[in-house]
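So the structure is just underneath, and the comments pick up after that.
First listed ligand is number 1; within each ligand, the first listed atom is number 1. Since the model is a prediction, treat every value here as computed from it, not as a measurement. Counting from 1, the numbers follow the sequence of the chain as shown.
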Amino acid sequence: MRNKIVAGNWKMNKTLEEAQALTSELIGMIADEVKGNVKVVLCTPFPYLHPVNQQLGSNKRISVGAQNCSEHDAGAYTGETSVSMLKSMNVPYVIIGHSERRQYFGEDGKLLATKVDKALAALLTPIFCCGEPLEIREKGTHEQLVKQQVEESLFHLSAEALKKVVIAYEPVWAIGTGKTATSQQAQDMHAVIRKHLASKYGAVAEEISILYGGSVKADNAKELFACADVDGGLVGGASLKSREFVEIVKAI
Ligand code: PGA
């Protein structure tokens, strides 16, 4: 049985006060309304990881996650945050390779492979993102590109290490655009990713949670999450409002 996960990616939004207000709303609503064993991850900006984690206390269902980490261990890298810093703050998850990091910060597959290694070595769970831009989808080479992204950053791992990774498929054309992939498009790509993992790792591929991301909303989450190979979501804009996010969590 694969883990069901709904992760909210807050990106660079909210003041500390707003972040804490959202967290306390989510703690209450999720305790009251969410059944089953879905895991909820709040990927907050770095400065809020510690206070939000304190607020969560020993909450069994909700955890925090970072949105990025450094590929370096420590030292003179102004503005960076290492995996050991995250570990020391009891942060269990880290997003690696979000398309905004790839696009605006020039992160490529090789660098992301290093970040994945660092995260795993610090016993963090990487949420590794992949996904194609619009022009690649229009050219029809999207499956090839996504397979390549997965291969470049994950295929050096042992099967034991791969089991600790969560993958998020996020078509770039669906991120923040309001244009969601259809559930068929999501299922097709998730199946392609799983088959590609199986070609190297065999049955282990069945154990990997693959999340869908890109304009997930309360009104489309149910259909997306009903797909056989979709194990949850990575949610941007809709994770900033408690009611909308909790409805997405409940859709799983
Ligand atoms: P969105 O973002 O839900 O606002 O499209 C998703 C993401 O970037 O992870």
Side-chain angles (χ1 to χ4, degrees), residues 3-14 18-19 22 26 38-46 48-49 52 62-69 91 93-107 112 115-116 119 124-134 136-137 142 145-146 149-150 153 165-183 185-186 189-190 193 209-225 227 230-252:
N3 285 328
K4 300 281 184 197
I5 301 169
V6 177
N9 176 9
W10 294 2
K11 307 193 182 183
M12 196 173 72
N13 289 296
K14 299 204 177 280
E18 289 164 351
L22 175 59
L26 291 173
V38 55
K39 290 177 193 288
V40 177
V41 184
L42 308 180
C43 298
T44 79
F46 284 127
Y48 307 157
L49 285 168
V52 167
I62 316 176
S63 315
V64 289
Q67 298 172 15
N68 180 32
C69 63
V91 173
Y93 291 90
V94 56
I95 297 175
I96 291 178
H98 190 279
S99 65
E100 287 149 19
R101 299 295 316 175
R102 292 177 189 260
Q103 193 181 341
Y104 306 139
F105 302 92
E107 298 193 354
L112 300 174
K115 292 191 179 197
V116 167
L124 300 180
T125 300
I127 302 176
F128 173 77
C129 301
C130 55
E132 80 286 356
L134 183 60
I136 298 289
R137 169 69 58 170
H142 44 290
L145 178 80
V146 170
Q149 290 172 331
V150 169
S153 303
V165 175
V166 172
I167 296 176
Y169 167 60
E170 300 202 298
V172 180
W173 46 271
I175 295 179
T177 57
K179 198 175 160 196
T180 323
T182 63
S183 52
Q185 285 171 321
M189 186 62 91
H190 283 227
I193 295 169
S209 297
I210 308 179
L211 317 183
Y212 169 80
S215 297
V216 177
K217 301 273 184 294
D219 60 10
N220 59 27
K222 222 182 184 94
E223 201 184 325
L224 288 161
F225 296 166
C227 299
V230 177
D231 305 305
L234 180 55
V235 184
S239 72
L240 298 172
K241 294 178 224 116
S242 54
R243 175 44 58 202
E244 178 86 9
F245 187 60
V246 169
E247 290 306 318
I248 294 170
V249 174
K250 283 159 70 180
I252 204 145

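- In this structure, His190 and Tyr212 have tilted ring planes: the angle between them lies in the 30° to 60° band.
- Close approach of ligand 1 to Gly176 is summarised as follows: ligand atoms under 4.0 Å from at least one heavy atom of the residue are 1 (P), 4 (O), 5 (O).
- Within the 3.5 Å criterion, the main-chain N or O of Lys11 finds a donor-acceptor partner in the side chain of Gln67.
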Stepwise, does the side chain to side chain contact (heavy atoms under 4.5 Å, CB included) test hold for Val64 with Cys43? CA-CA 6 Å; Val64 289; Cys43 298; over 6 Å; no
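- Rounding to the nearest 0.5 angstrom, the gap separating the OG atom in Ser215 from the CG atom in Asn220 is 8.0 Å.
- Shown in contact with Gly214 at under 4.0 Å from a heavy atom are these atoms of ligand 1, numbered in order with element: 5 (O).
- A salt bridge is defined here as a Lys NZ or Arg NE, NH1 or NH2 lying under 4.0 Å from an Asp or Glu carboxylate O, and Arg102 with Glu107 fails to meet this definition.
- Val41 pairs with exactly one of Leu234, Asn9, Leu211, Ile5 by the side chain to side chain contact (heavy atoms under 4.5 Å, CB included) rule, that one being Ile5.
- Contact between Lys217 and ligand 1 is absent, with no heavy atom of the residue lying under 4.0 Å from the ligand.
- With rounding to the nearest 0.5 angstrom, the CD1 atom of Ile96 is 7.5 Å from the NZ atom of Lys115.
- Residue His98 has at least one heavy-atom neighbour below 4.0 Å for each of these atoms of ligand 1: 7 (C), 8 (O), 9 (O).
- In this structure, the protein non-hydrogen atom closest to atom 4 (O) of ligand 1 is Gly237 N, 2.8 Å.
- Taking a cut-off of under 4.0 Å to the non-hydrogen atoms of Asn9, the atoms of ligand 1 that pass are 9 (O).
- Using a non-hydrogen distance threshold of 4.0 Å, Ala174 registers as a contact of ligand 1.
- At the top of the distance list for atom 3 (O) of ligand 1, counting protein heavy atoms only, stands Gly236 N, 2.8 Å.
- Nearest protein heavy-atom neighbour of atom 9 (O) of ligand 1: Glu170 OE2, 2.6 Å.
- Taking only nitrogen or oxygen atoms, main chain and side chain alike, Thr177 does not reach within less than 3.5 Å of ligand 1.
- If you number the atoms of ligand 1 from 1 as listed, the ones under 4.0 Å from a heavy atom of Ser215 come out as 1 (P), 3 (O), 5 (O).
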Show, in sequence, the C-alpha distance, side-chain angles and deciding distance for Val216 and Leu224, and conclude whether the side chain to side chain contact (heavy atoms under 4.5 Å, CB included) test is met. CA-CA 8 Å; Val216 177; Leu224 288 161; 4.2 Å; yes
